[in-house]
Amino acid sequence: MTKFLTLLSREVKSCFYSPIAYVVLCFFLGLTGLCFYSGVGFLSRGATERTIVEAFFDSIPFWIGFILIFPPITMRVFSEEFKMGTIETLMTAPVRDWQVVLAKFGGALVFYMVLWLPTLLYFVIFQQVAKADAASAAGAYWGSYLELLMAGMLFISVGCFASALTQNQMVAAVISFCVITFFFLGGLLSFFTPNISPEFRMFASYCSVLEHMGEFSKGMIDSRRFVFYGSGTALMLLLTHQVFQFRRWKA
Amino acid sequence: MIKVENLTKRYAGVTAIHDLNFHVEKGEIVGFLGPNGAGKSTTMRILSSYMPATSGRASIAGFDVFSQSMQARQHLGYMPENVPLYPDMRVTEYLNYRATLKEITGTRQRERVGDVKELCALKEVENRIIGTLSKGYRQRVGLADALLHSPDLLILDEPTIGLDPNQIRQVRDLIRNLGRHHTILLSTHILPEVEMTCSRVVIINRGKIEAADTPENLVNAMRAAGGIRLEAKVGMDNGVEEIGKLPGVKEVAMETEDGWTIFTLRTDSRTDPREALWRLATDRRWTVRELSRRRATLEDVFVELTLGDEV
Ligand SMILES: Nc1ncnc2c1ncn2[C@@H]1O[C@H](COP(=O)(O)OP(=O)(O)O)[C@@H](O)[C@H]1O
Ligand SMILES: [Mg+2]
């Protein structure tokens with residue numbers, strides 16, 4: 001356990017050592033600030049059923065920005081070690097493969113959660129200033145963050161997987177971007193292609209993070225979503241572990 | 001300490017090492033030599049449990065490097081080729097991190113990190129960021145890391161590559177000191193180093209072992225073991241046949257330069273015909289300006305074994 005924590009703290013630190021972290025951080029602060037601002041603007045224009053939390057999380061610019069942050073967070077986790085050769089020192093210390101995979105995943109997840117911290121403040125401020133509830137219920141508020149956490153876990157595991165595939169960070173970023181976009185927009189498929197089979201449509205919307213989010217922000221928390229994200233993350237981490245081992249063994 | 005049996009490693013399409021067998025006993029310093037691409041790094045990576053072999057077995061301190069790799073790693077300090085390090089960490093920070101991974105914690109960690117910094121002369125750079133260190137210092141950080149858990153065995157892949165002559169000397173002295181308490185397997189291209197430091201060498205070429213013995217035995221067993229050079233004014237008289245008949249002389253070559261005749265003799269290295277040669281020259285009243293012996297070196301052995309059969 002000490003070993004895992006050491007690996008984890010090294011991962012978190014190396015996230016913050018890289019300049020990319022600060023670019024992402026600034027971008028994300030700007031983006032959420034903008035979304036919040038436009039959400040408030042939208043609400044103040046007239047009476048609406050929507051709450052600020054819904055307006056915030058259910059806006060298109062937010063989602064586009066959201067999927068953009070994962071590739072830069074995760075692209076370096078394995079690629080860089082392979083590129084620099086440090087994977088050899090790391091993996092000849094008495095550590096196990098799964099410890100390294102989980103530490104890399106965990107490190108990126110911690111960074112991701114740090115990204116979200118400032119936004120918690122937005123809604124607190126909103127409640128203070130506007131004297132109105134930020135969300136329709138506490139469930140919607142925490143539900144939104146829970147969804148963000150779960151979606152983040154899935155997408156980070158996808159990013160780790162992509163990074164384990166190649167020692168080229170750009171390639172890793174592009175792969176993870178493509179896969180994440182696919183997951184994300186799965187639900188939109190039914191809008192554009194009206195004559196696909198209903199089973200496929202159901203599957204696509206099951207995978208669509210965009211659809212889930214709308215429901216979460218209204219306070220509908222569906223246990224099937226947890227199964228989806230949990231099993232998806234576990235599967236991606238398992239694949240990451242396999243690829244990581246394979247590359248080292250064949251390399 | 002190291003036992004390698006029938007070790008084979010195939011990469012996609014390339015057989016990097018083929019059916020290797022060798023062993024290293026406790027206390028030895030063994031030089032692992034071979035031209036680039038011979039399979040040295042591959043063998044060392046397998047020994048360090050970085051990757052498994054295609055077939056065959058290897059063990060370190062009695063632990064199989066694949067099935068008991070955690071125990072094997074505890075007994076081994078490994079420094080990979082080119083010493084990969086995290087450029088964003090500070091020296092002490094890095095060593096502490098590595099110590100924790102190697103299960104050295106608390107006061108023992110402070111002691112060990114202090115010890116290896118002292119041993120590898122890293123005190124003056126302990127707070128520097130690794131990315132800003134010179135190659136020589138980086139090499140020493142890698143060595144310090146390998147030494148952290150006081151392993152019985154050190155495996156060093158080209159520890160002196162890319163260093164300047166002074167740094168090479170420092171690393172050599174360090175390795176020789178370490179040899180008092182550790183068993184060492186190191187690969188290098190600097191053969192005079194090996195003759196000075198290693199008690200035994202294993203020469204590998206194209207994935208196969210060509211020779212494994214002490215440097216002296218290898219040199220002695222070599223076909224063109226030594227050479228003797230005689231420069232003399234011989235006048236009309238040339239004594240090639242007679243020189244050729246001296247005991248121990250295998251071959252004589254002769255050339256002239258400004259009226260001086262230069263004989264180059266190949267001998268086996270156990271006999272020294274210089275005395276007989278001197279007597280022959282004085283009997284015939286040659287004027288001698290040089291009579292010298294050049295011992296065969298490990299380099300000759302290396303070149304002969306890895307270049308093919310021509311001498
Ligand atoms: N990752 C790899 N994939 C394919 N072939 C490799 C790989 N690493 C090394 N080789 C090949 O294996 C052989 C031995 O390489 P190596 O062990 O690095 O030799 P050395 O360290 O003695 O220079 C070489 O022919 C090299 O091209
Ligand atoms: Mg090599």
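Per chain, numbering begins at 1; letters A, B, ... match sequence-line order. Nothing here was measured: the structure is a model prediction, and the numbers come from that model.
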Is B:D145 close to chain A through its backbone or its side chain, or both, or neither, when contacts mean heavy atoms under 4.5 Å?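 Contact with chain A involves the side chain of B:D145 alone.
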Part of B:M79 lying under 4.5 Å from any heavy atom of chain A: neither
Among B:R98, B:R10, B:K102, which has the most heavy-atom pairs under 4.5 Å with chain A?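 Greatest number of close heavy-atom pairs with chain A: B:R98.
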Between B:L76, B:L101, B:L85, which has the largest tally of heavy atom pairs under 4.5 Å with chain A?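 Looking at each option in turn, the highest pair count goes to B:L101.
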Steps toward side chain to side chain contact (heavy atoms under 4.5 Å, CB included) verdict (A:M91, B:M51): CA-CA 9 Å; A:M91 297 319 296; B:M51 60 188 183; over 6 Å; no
Could you report the tightest heavy-atom contact between [X] and [Y], atom names first, then the distance?
X     : Y      : value
B:P84 : A:G85  : CG-O, 3.2 Å
B:S49 : A:R248 : O-NH1, 4.5 Å
A:A93 : B:R73  : O-NH1, 2.8 Å

If you define the side chain from C-beta out and look only at heavy atoms, does anything of A:M84 sit under 4.5 Å from B:P87?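 Yes; the side chains approach each other to less than 4.5 Å.
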Does any part of the side chain of B:E81, heavy atoms only, come nearer than 4.5 Å to the side chain of A:E88, both counted from C-beta?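 Result no, sub-4.5 Å side-chain heavy-atom pair not found.
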Heavy-atom neighbours of B:R176 CZ exceed 12 at 6.0 Å: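 Check passes, neighbour count above 12.
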Flag yes if more than 12 heavy atoms outside A:Y37 fall under 6.0 Å of its OH atom; otherwise flag no. no
Checking A:E81 against B:Y86: is there a side-chain donor and acceptor pair closer than 3.5 Å?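 Per modelled atom types, B:Y86 and A:E81 side chains form a pair under 3.5 Å.
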Looking at OG1 of B:T100 and CG of A:L7, how far apart are the two atoms once the value is rounded to the nearest 0.5 Å? 9.5 Å
So, taking the atom named NZ in A:K3 and the one named OG1 in B:T105, what distance separates them when rounded to the nearest 0.5 Å? 11.0 Å
Under the criterion salt bridge (Lys or Arg N to Asp or Glu O under 4.0 Å), I'd like the reasoning laid out for B:E93 against A:R10: C-alpha separation, chi angles, the key distance, then a yes or no. CA-CA 10 Å; B:E93 182 192 11; A:R10 155 77 198 148; 5.9 Å; no
What's the verdict on side chain to side chain contact (heavy atoms under 4.5 Å, CB included) for A:I87 and B:Y50, showing C-alpha distance, side-chain angles and the deciding distance? CA-CA 9 Å; A:I87 196 72; B:Y50 177 68; 3.2 Å; yes
Chain B neighbours within residues 165-173 of chain A, where any heavy atom lies under 4.5 Å away: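 The list, in residue order, is empty: none.
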For side chain to side chain contact (heavy atoms under 4.5 Å, CB included), just list the numbers for A:W249 and B:T54, CA-CA rounded to whole Å, side-chain angles, deciding distance to a tenth of an Å, and then say yes or no. CA-CA 10 Å; A:W249 287 11; B:T54 310; over 6 Å; no
